[in-house]
Number of protein chains: 2
Amino acid sequence: MSVDPISRFRRFNRAVTAEVGALDSSFLGRGRPLGAARVLNAIGHGRSDVAAVRDYLGLDSGLMSRLLRGLEEEGLVATTPHPDDARRRIAQLTDAGRQEFEAYERLSNERAEIFLARHPRPEALLAAMDLVASVFGRERVSIGEVSPRGEEALYCLGEYYGELARRFETGFDVSLSRDPHADSMVRPHGGFFVAFSDGLPIGCVGLSGKGGGMAEIKRLWVSPAARGLGLGRRLMQAAEDAARELGINILRLDTNSALPEARRLYERLGWREIARFNDDPYPDLFFEKHL
Amino acid sequence: MSVDPISRFRRFNRAVTAEVGALDSSFLGRGRPLGAARVLNAIGHGRSDVAAVRDYLGLDSGLMSRLLRGLEEEGLVATTPHPDDARRRIAQLTDAGRQEFEAYERLSNERAEIFLARHPRPEALLAAMDLVASVFGRERVSIGEVSPRGEEALYCLGEYYGELARRFETGFDVSLSRDPHADSMVRPHGGFFVAFSDGLPIGCVGLSGKGGGMAEIKRLWVSPAARGLGLGRRLMQAAEDAARELGINILRLDTNSALPEARRLYERLGWREIARFNDDPYPDLFFEKHL
DNA sequence: CAAAATGTCTGACTTAGGTCAGGTATCATG
DNA sequence: CATGATACCTGACCTAAGTCAGACATTTTG
C-alpha cells in the first residue's frame with residue numbers, strides 16, 4: 001500500500017489545488033476577471049504604489065497598466081502622481097472601489113468560515129494550517145522592528161506567557177518575573193523585533209538596555225507552527241545587529257532548563273553559560289555573549 | 001492584532017496558492033501546456049475512458065478532443081474504440097507516452113521530497129497536511145468493499161492495532177485478541193470496507209459473519225487526520241447496508257471504554273449496550289443492534 | 001426499422017493572460 | 001542643461017483555455 005510521504009504530499013496538493021481553485025473562481029462571481037480582482041485586492045490591502053502591486057502580483061508592467069486602466073474606467077480606482085516623484089503613480093480606491101473591495105473581503109471571509117465550520121475542532125485544523133503555511137512561506141518571513149507596546153508585540157508577548165505557563169511546572173505569573181520596562185526596548189536603549197509571515201506575527205525578541213555597553217535579550221518566542229525553520233536564529237541575529245548598531249558589546253540573557261531547545265539555540269549561536277546575575281524566580285540558566 | 005481564525009485561514013490560502021502555482025508551473029518545464037500535461041497524467045493514472053478523463057478534469061468535450069489529438073500527434077497516446085460500444089473511445093499511453101508520464105511523476109516526487117526536507121520533523125508536517133487534505137477532500141471520500149487480505153486492508157489494520165496499543169494502558173497484542181478470520185469478512189459471510197480519500201485509505205470497518213442471521217462489526221478505524229468528519233458513521237452505514245443485503249438482522253460489537261468517541265458513535269447510531277458475549281481480554285463494553 | 005439519444009469530433013469564435021518593442025514624461029547627474 | 005536612467009503607458013501580437021453549434025457514427029428505444 002502506498003501511504004508513503006510522497007503519496008501523502010501529493011494527496012494534499014490535489015486536495016488543496018481543487019479547493020483553492022474553487023476559492024479563486026468564487027471571486028469570478030463579481031463579473032471581473034481574476035487579474036483585475038487581484039489588483040483591486042492588492043490596492044485595498046494598502047499596496048498603493050503601482051510598482052509595489054506589480055511586484056507583489058508578479059505582473060508585467062504593460063499588463064498591470066491595462067488592468068489598472070480597466071479598474072479606473074469602472075470607477076473603482078483613482079491614480080495620482082507620487083508627490084515626491086511624478087513618474088511614479090499611486091493608486092487608491094474610490095468609494096465605489098472600497099465597496100467592491102469589501103464585497104470581495106466578505107466573500108473570502110465567508111468561505112473561510114464555512115471551511116472552518118467543517119471541522120469539529122477548528123483550533124486543531126487551524127494549527128495544522130498554520131504549520132503548513134509556515135513551511136510554505138518559510139522564505140517570505142520578514143523581521144521588523146516595532147514598538148513593544150504595539151498590538152503585534154502584545155500579541156506575541158501574550159503567546160509567550162501562555163507558553164511559559166504551559167511549560168513550567170509551577171506555571172508562570174508575569175508579575176512575579178522581572179518584566180523589562182517597555183522603554184528599555186525602544187531606541188536608543190534597545191529594540192523589539194517581530195517576525196511576520198504574510199502579515200501575521202509568528203515570533204519576537206526584545207533587546208532591553210539601560211544605556212551603556214550592556215543589554216539583555218528578553219522574550220524570545222517563536223510560534224509553535226514555525227519552529228524548526230531557523231526563525232529563532234534570525235530573530236537573535238536581528239537583536240544582535242541592533243545591539244552592535246547601538247554600541248552595545250555585552251549581551252546577557254536568562255532562561256529555564258524546561259526550555260531545552262532555547263538552550264541549544266544559545267549554545268549554537270556562541271553564547272557562554274555564566275553565573276546567575278539576577279534574582280528572578282523563573283530562570284535557572286544564565287548566558288552571556290561578547291559582540 | 002488580527003490573528004483571528006479568518007486571517008490564519010487566509011494566510012494559509014495565500015501561502016498554498018503561491019506554492020501550488022509554482023508546483024503547477026514546474027510541469028511546464030517539459031514544453032507542454034498544463035492542460036495537455038493534465039490529460040497525459042490522468043491517462044497515466046489509469047483513467048482510460050475518454051469520458052472519465054473529461055469528467056475528472058472538468059473539460060468540455062471539444063477541448064478534450066483537441067488535447068487528445070495533440071497528444072496523439074506527439075505520439076504519446078493511442079486511442080481505440082471501446083469494444084462494447086464503438087462510440088466511446090479508450091485512450092492508452094504509448095511507450096513514449098509512458099516515458100513522458102514517468103518524467104512527470106519524477107518531477108512531482110522530487111518537489112515533494114524537497115518540500116518535506118524543509119522541515120526538521122517531516123512526520124509532524126505530514127500529519128498536518130493529512131488533516132488539511134482530509135477536511136478539504138471531505139466530500140470526495142468514497143467507501144469501497146475490498147478483500148480483508150488486500151494491501152489496503154492490511155494497512156488500515158496495522159494502523160488500527162497501533163492505535164489500540166497506544167490507547168490501552170496494557171498495550172495491545174493481536175494474538176491475545178479474538179482475531180476474526182479473514183474468510184468471515186468476505187461474501188457471503190460478511191465484508192470488509194475501506195474509505196478512500198483520493199486513493200489513500202483513511203478508514204475501515206469489517207462485518208464478520210459465520211452464516212445465519214447474526215454478525216459482528218470489527219476493526220472500525222478512522223485515520224486521526226479524518227476524525228470528526230462523519231466518516232465513522234459512513235463506514236458503519238456501509239457495514240449495516242451490507243448486513244441487510246446478506247439477510248443479517250442482528251449485529252453485535254465489542255469495544256473498550258478507553259475509546260469514548262467510539263462509544264458515543266455507537267450510541268448515536270442506535271446501538272444498545274448488552275452483557276459481555278465473549279471472553280476476549282480487551283473489550284469491556286458490548287453492544288447490539290437489530291436491523 | 002425509423003427516430004431519438006449518445007459519444008466524439010471539427011470549425012469558428014471568445015476571453016484572459018501575458019510578452020515585447022517602442023513612446024512619453026520625469027528625475028538624477030556630471 | 002544635455003544625457004541617461006526610471007516609471008509608466010500604448011499598440012501589436014501570441015498562446016492557452018474554454019464555449020458553442022453542428023457533423024458524424026453508433027447505439028438504444030418505441
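Predicted model, so just to flag it, every value in this text is computed and none were measured.
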Handout entry: Qualifying residues under ring pair (Phe, Tyr, Trp, His ring centres under 6.0 Å), relative to B:Phe101, sequence neighbours excluded
Key =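 Ring pair (Phe, Tyr, Trp, His ring centres under 6.0 Å) list for B:Phe101, sorted by chain: B:His45.
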
Problem - Counterpart residues, ring pair (Phe, Tyr, Trp, His ring centres under 6.0 Å), relative to A:Phe136 (two or more places apart) - result: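 Result, ring pair (Phe, Tyr, Trp, His ring centres under 6.0 Å) vs A:Phe136: B:Phe115.
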
Handout entry: With B:Glu105 via salt bridge (charged side-chain N to carboxylate O under 4.0 Å, His left out) - residues at least two apart
Key =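 With neighbours one apart ignored, the set is A:Arg10.
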
Would you mind reading off the distance between [X] atom [atom1] and [N] atom [atom2], rounded to a whole angstrom?
X       : N      : atom1 : atom2 : result
A:Glu72 : D:dC8  : CD    : P     : 13 Å
A:Met64 : D:dG11 : CE    : P     : 18 Å
A:Leu68 : D:dA7  : CG    : P     : 16 Å
A:Asp55 : D:dA7  : CG    : P     : 11 Å
A:Leu71 : D:dC9  : CG    : P     : 12 Å
B:Arg88 : D:dT27 : CZ    : C1'   : 11 Å
A:Arg54 : D:dT6  : CZ    : C1'   : 11 Å

Practice task
Tell me, please, which residues at least two apart from B:Glu110 pass side-chain hydrogen bond (donor to acceptor under 3.5 Å, both in side chains).
Solution key: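 Residues passing side-chain hydrogen bond (donor to acceptor under 3.5 Å, both in side chains) with B:Glu110: none at all.
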
Exercise for the section: Identify, with sequence neighbours excluded, every residue that meets side-chain hydrogen bond (donor to acceptor under 3.5 Å, both in side chains) alongside B:Arg38. Expected result: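 So B:Arg38 forms no side-chain hydrogen bond (donor to acceptor under 3.5 Å, both in side chains) with any residue.
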
Exercise for the section: Sorted by first residue and then second, give each salt bridge (charged side-chain N to carboxylate O under 4.0 Å, His left out) pair with at least one member in residues 76-94 of chain B; sequence neighbours left out. Expected result: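 As it turns out, the salt bridge (charged side-chain N to carboxylate O under 4.0 Å, His left out) pairs with a partner in residues 76-94 of chain B, which skip direct neighbours, are B:Asp49-B:Arg88, B:Asp85-B:Arg87.
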
Handout entry: Qualifying salt bridge (charged side-chain N to carboxylate O under 4.0 Å, His left out) pairs with a residue from residues 59-71 of chain B, counting only residues at least two apart or across chains
Key =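 As it turns out, the salt bridge (charged side-chain N to carboxylate O under 4.0 Å, His left out) pairs with a partner in residues 59-71 of chain B, which skip direct neighbours, are B:Arg69-B:Glu72.
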
Practice task
Considering only heavy atoms of chain B and a distance under 4.0 Å, specify the first and last nucleotide of DNA chain C in 5' to 3' order that meet this criterion.
Solution key: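 So the outermost contacting nucleotides come out as C:dA5 to C:dA12.
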
Handout entry: Under 4.0 Å protein heavy-atom contact, by nucleotide of nucleotides 16-26 of chain D - B base, S sugar-phosphate only
Key = SSBBB-----B

Exercise for the section: Kindly say whether B:Val141 contributes a backbone atom to a donor-acceptor pair with the side chain of B:Arg234 at under 3.5 angstrom? Expected result: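 Yes.
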
